[in-house]
Amino acid sequence: MNKKDNMIKMKSVNKWYGKIQVLNDCSLEVSKGEVIVVCGPSGSGKSTLIKTINGLEPVKSGEITVSGISVTNKSTDLDQMRSKIGMVFQNFELFPHMNVTENIKLGQMKVLGRTDEEADQKAKALLERVGLTEHAEKYPSQLSGGQQQRVAIARGLAMEPMAMLFDEPTSALDPEMINEVLDVMVKLAKEGMTMMVVTHEMGFARKVADRVIFMDYGKIIEDAPSQDFFGSPRSDRAQEFLSKILNH
Amino acid sequence: MFELDFSVIPANSSLLWEGIKMTFLLTGLAIVGGIILGTFLALLRIAKIPVLSQFSAAYVNFFRSLPLILVIFWLFFLVPLIVGRPVGAFSSVLVAFILFEAAYYSEIIRAGINSVRLGQLAAARAMGLTYIQSMRYVILPQAFRAMTPILLTQAIILFQDTSLVYVVGLRDFLVSAEIVANRDQRLVEMFLFVALVYFVFCFAASLGVKYLQKRINNEL
């Protein structure tokens, strides 16, 4: 892994919803190929944090760059930039009026300008990769939650992104479907994809995360290599959080 | 006592047929035009640019505060003035219907857009689609699907409302029937027939609405 290449950089980011400060002086760096897990209690600002990286959530102040391109600069073509960052949502957000293949082809054709044939081939290859070849013609409502989320990952990968953002990708899933999604993500991490994952799946964090970021009240409380984080979190709040979610 | 004599209907079938064609042509064009303009107004309304959404809101409130018959009447005089030459009753009536219906359609379409989950727009934007592309390929197709029954209901109302064109002398189905009724002194027969035709079409369409509603509810 080449630790010198900065992929995502965030410096002193602040954001308010009305009078509530949801992000408080957040700074972080993610190198190319790194896998970062972001965790913390609900309402701590972790989903908001990763949504600022592709500009889905505008920020009040601070600087965010992805691969050297500023997200916070008004003159940046955000649409262009977003196409290079894949995003997977808690509720999958597949397009219900399109079948699985069409879901994967839409961005390729309308944003990247690939031909129908190129997009189709890419979709086929990706569906094989996430183990859903036989579901290519089905509509999202005909799939289980786990299958839908795997399609959503394939849809993100179809754009050949330089990084992938995951916003609680397994929180809306039945327990027996969590692993099929995590398996795909582990594979992706091992192939060297730069990933930022908001999740409470500490097993996943332990297995593949290079670093764990712990947030509370909109602040980044800890940013530590994962073995250090799980060994002995430095902050009391992180310790308390871990004991709550690990001890059952 | 008088005898009912329905032979007056086949005897005047070509005139009545022309009338029916006019009614359907007007209804069809007004639906298409109304939905296009209505979609445009709905998109302006939800735009985050105040002057655009205020314009759209004012437009909708204006037309929804006027009786349709007045709009038809006004445009019959206004359209020739605006374009500077006579345009004929059909064109002016069509413009009136499109402008008027668009106000209603835009409210339906706006509700349809709002019924699509916010996350869908986020997902579309996240893959790099522009706002317009996201609307075009992701949001509007879902919105239209959800609101097809309501749009069709509005179309039924419009179909009935086209009969108001008698005020400017356009020969739609009702006017054609009235001409026959007065000329041949067969008012009861003709107006029974007119009522039956309107009823059959509207009732069939409303059954269609029910069927669609059921199918959509099953899918969601």
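Residue numbers begin at 1 in each chain, while the letters A, B, ... track the order of the sequences.
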| request: Determine which residues belonging to residues 84-105 of chain A lie within contact range of chain B, meaning some heavy atom pair is under 4.5 Å apart, and list them by number or answer 'none'. | output: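 Answer by number: A:I85, A:M87, A:F89, A:N91, A:E93, A:L94, A:F95, A:P96, A:H97, A:M98.
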| Members of residues 40-60 of chain A whose heavy atoms come closer than 4.5 Å to chain B | A:N54, A:L56
For atom [atom1] of [X], decide whether the heavy atoms of other residues, nucleotides or ligands shown that lie under 6.0 angstrom number more than 12.
{"X": "B:L196", "atom1": "CG", "value": "yes"}
{"X": "B:W74", "atom1": "CH2", "value": "no"}
{"X": "A:E117", "atom1": "CD", "value": "no"}
{"X": "A:I20", "atom1": "CD1", "value": "no"}
{"X": "B:F63", "atom1": "CZ", "value": "yes"}
{"X": "B:F191", "atom1": "CZ", "value": "yes"}
{"X": "A:E128", "atom1": "CD", "value": "no"}
{"X": "B:R171", "atom1": "CZ", "value": "no"}

| query | How long is the gap from CZ on A:R82 to CG on B:L129, to the nearest 0.5 Å? | reply |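 Spacing of CZ (A:R82) from CG (B:L129) equals 10.5 Å.
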| Given the options A:L78, A:L165, A:D79, A:V111, which has more heavy-atom pairs under 4.5 Å with chain B than any of the others? |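 Result: the option with the highest number of such pairs is A:D79.
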| Using a heavy-atom distance cut-off of less than 4.5 Å, which residues of residues 113-127 of chain B contact chain A? |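 From residues 113-127 of chain B, the residues near chain A are B:R117, B:G119, B:Q120, B:A122, B:A123, B:A124, B:R125, B:A126, B:M127.
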| request: Keeping to residues at least two apart or across chains, list the salt bridge (Lys or Arg N to Asp or Glu O under 4.0 Å) pairs with something in residues 37-56 of chain B. | output: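 Non-adjacent pairs meeting salt bridge (Lys or Arg N to Asp or Glu O under 4.0 Å): B:R45-B:E107.
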